[in-house]
Amino acid sequence: MTMQNRLTINDIARLSGVGKSTVSRVLNNEGNVSPQTRERVLQVIEQQHFSPSKSARAMRGFSDKIVAIIVSRLDSPSENQAVRAMLPLFYQQGYDPIVLESQFSAERVKEHLQVLKQRNIDGVVLFGFTGLSAQMLTPWQDKLVMLARDIPGLSSVCYDDAGAVQLLMQKVLAQNLREIGFIGVSAQDTTTGQRRSEAYQTFCQEHGLTPHMALGELTYQSGFELIPQLLKSNVQAVICASDTIAIGAQKHLQQQQITGVQVCGIGNNPLLRFLFPESLSVELGYGEGGEAAAKQLLAQLNDSAPLQQRIIPGKLSA
Ligand SMILES: O=P(O)(O)OC[C@H]1O[C@H](O[C@H]2O[C@H](CO)[C@@H](O)[C@H](O)[C@H]2O)[C@H](O)[C@@H](O)[C@@H]1O
């Protein structure tokens, strides 16, 4: 346990030679404290790396109920949709949400969880990813819901990765397009990578189609740079593992004035619909997933509800 952990407002008051209420007034930025005293208290707070506990926060009029949302990327459109859907539910129940970012680093998640434990945070929604271990997360199982990934022993809300690819493949095949390419991401990413790529390959095998695959990153740039490889194989349609990748692929086709290639994505991103309305996409249920994760976490925290693993079904967007 760190020094920071053990200190209370009483300790700060003692070390500063003032009363507890004075420390509280300084923390609250209220008047009625001389500049010298305020300076002294702030110095002690800084020296001791003091941060007020949840109960002290409550004393200062902040909510005593806090949930953390650990996203993988703050600039991810899909994660933003999910976060936006969960926020109103937390607010309704009097929880203040705080947002942290993992950048797909298990080490960073570990650090975040350590701090959240020290701060006695009520619960966590974690956008999961490959590389997170059950060992690290199981101690949190009663107060954690994972989104986009499942780990045995934890509540989770996942998307139907394989189902989304199948929906798109069926749709383009029904249009009698048989040269279908795929732009995916590395199989080190279990869901967006491995599951979606495998669904594509399996579908090709089952329907006697020749696979044409290119793998890159979760970026516009990847779609833009990889589609030329598939065009060399005269593809008539390209399934992209995400709408972000599909936007990049469409941008290339637009720049090169290539028409007649049906581009498909996954995620029903409004930007893809706005820029390239001729694209096909699957509504994977990010909003629904965010809502489901928030509801599950609140049920665990408020009613000790049992852990639950759920998969949101996707549907072709209109
Ligand atoms: O371009 P985006 O809108 O960010 O969508 C790309 C994919 O993002 C999500 O998957 C990635 O983050 C997940 C955690 O949220 C992680 O589990 C997964 O491995 C990453 O690929 C989202 O879940 C996918 O549906 C999006 O396609």
Side-chain angles (χ1 to χ4, degrees), residues 69-86 99-106 108-109 112 124-133 137 144-151 154 156-165 167-168 182-200 215-224 226 239-251 263-275 279-290 292-294 309-315 317:
I69 302 168
I70 308 181
V71 298
S72 75
R73 296 146 299 148
L74 284 164
D75 60 355
S76 157
S78 61
E79 293 187 18
N80 286 347
Q81 279 188 48
V83 171
R84 281 178 64 187
M86 63 181 86
V99 177
L100 303 161
E101 193 191 35
S102 71
Q103 287 290 343
F104 296 123
S105 154
R108 202 160 295 168
V109 171
H112 287 327
V124 180
V125 174
L126 171 61
F127 286 78
F129 52 88
T130 314
L132 290 173
S133 71
L137 299 171
L144 184 140
V145 176
M146 187 177 276
L147 247 173
R149 269 309 301 272
D150 49 338
I151 287 191
L154 294 177
S156 58
V157 178
C158 291
Y159 308 115
D160 185 3
D161 297 289
V165 174
L167 283 173
L168 291 169
F182 181 83
I183 305 180
V185 299
S186 155
Q188 280 168 6
D189 175 330
T190 309
T191 49
T192 313
Q194 191 189 356
R195 289 186 189 161
R196 295 182 194 177
S197 300
E198 280 181 6
Y200 164 76
L215 299 184
E217 314 275 324
L218 291 169
T219 56
Y220 301 127
Q221 203 60 25
S222 247
F224 186 84
L226 292 175
I239 312 286
C240 301
S242 74
D243 276 3
T244 299
I245 296 173
I247 291 170
Q250 285 282 31
K251 174 83 186 156
V263 173
C264 310
I266 294 177
N268 198 18
N269 179 328
L271 190 62
L272 176 66
R273 242 183 299 132
F274 176 68
L275 294 176
S279 315
L280 270 177
S281 187
V282 169
E283 165 64 65
L284 210 53
Y286 298 128
E288 201 183 329
Q309 303 204 312
R310 195 175 151 186
I311 297 176
I312 306 280
K315 52 179 183 291
S317 58

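All ligand and atom numbering here is 1-based and tracks the order in the structure. Since this is a predicted model, take the numbers as computed values, not measurements. Numbering of residues begins at 1 and proceeds along the displayed sequence.
Atom NZ of K315 is separated from atom CG of D160 by 12.5 Å, given to the nearest 0.5 angstrom. From S197, atom OG reaches atom CG of L215 across 5.0 Å, with rounding to the nearest 0.5 Å. Atom CG in D150 sits 4.0 Å away from atom SG in C158 (nearest 0.5 Å).
Between R149 and ligand 1, not a single N/O pair is under 3.5 Å apart. Some N or O of G128 is nearer than 3.5 Å to an N or O of ligand 1, by distance alone. Taking any N or O of Y159, backbone or side chain, none lies under 3.5 Å from an N or O belonging to ligand 1. At under 3.5 Å, not a single nitrogen or oxygen of S242, backbone or side chain, sits near a nitrogen or oxygen of ligand 1.
If you number the atoms of ligand 1 from 1 as listed, the ones under 4.0 Å from a heavy atom of R73 come out as 4 (O), 8 (O), 9 (C), 11 (C), 12 (O). Near E79, the atoms of ligand 1 lying under 4.0 angstrom from a non-hydrogen atom of the residue are 12 (O), 14 (C), 15 (O). For ligand 1, the atoms lying closer than 4.0 Å to a non-hydrogen atom of Y286 are 24 (C), 25 (O), 26 (C), 27 (O). The S76 neighbourhood of ligand 1 comprises atoms 2 (P), 3 (O), 4 (O), with distances under 4.0 Å to a heavy atom of that residue.
With a 4.0 Å heavy-atom cut-off, ligand 1 is reached by the side chain of L284 but not by its N, CA, C or O. With a 4.0 Å heavy-atom cut-off, ligand 1 is reached by no atom of E217.
Summary of contacts: the protein heavy atom closest to atom 6 (C) of ligand 1 is L218 CD2, 3.9 Å. The closest protein non-hydrogen atom to atom 20 (C) of ligand 1 is D189 OD2, 3.3 Å. Of the protein's heavy atoms, R196 NH1, 2.9 Å lies nearest to atom 27 (O) of ligand 1. Remark: minimum distance from atom 18 (C) of ligand 1 to any protein heavy atom is reached at T191 OG1, 3.4 Å. At the top of the distance list for atom 1 (O) of ligand 1, counting protein heavy atoms only, stands T244 OG1, 2.6 Å. Among protein heavy atoms, the minimum distance from atom 10 (O) of ligand 1 is reached at T192 OG1, 3.3 Å.
In the model, Q188 has no side-chain atom that pairs as donor or acceptor with a side-chain atom of T130 under 3.5 Å. A donor-acceptor contact under 3.5 angstrom links the side chains of S76 and R73, judged on distance only.
Side-chain contact check for L132 versus L126: some heavy-atom pair is nearer than 4.5 Å.
Nearest heavy atoms, A292 versus I312: CB-CD1, 4.4 Å. Shown here for G265 and L168, the closest heavy-atom pair between the two residues is O-CD1, 3.3 Å. Listed here is the closest heavy atom pair of Y159 and G285: CE2-O, 3.5 Å.
Put simply, no part of I266 is less than 4.0 Å from ligand 1, judged by heavy atoms.
The closest heavy-atom contact to atom 22 (C) of ligand 1, among the options A82, G265, S78, G314, comes from S78.
Heavy-atom contacts from other residues, nucleotides or ligands closer than 6.0 Å to CD1 of I311 number 12 or fewer.
Relative orientation of the F104 and F129 rings is perpendicular, given thresholds of 30° and 60° on the angle between their planes.
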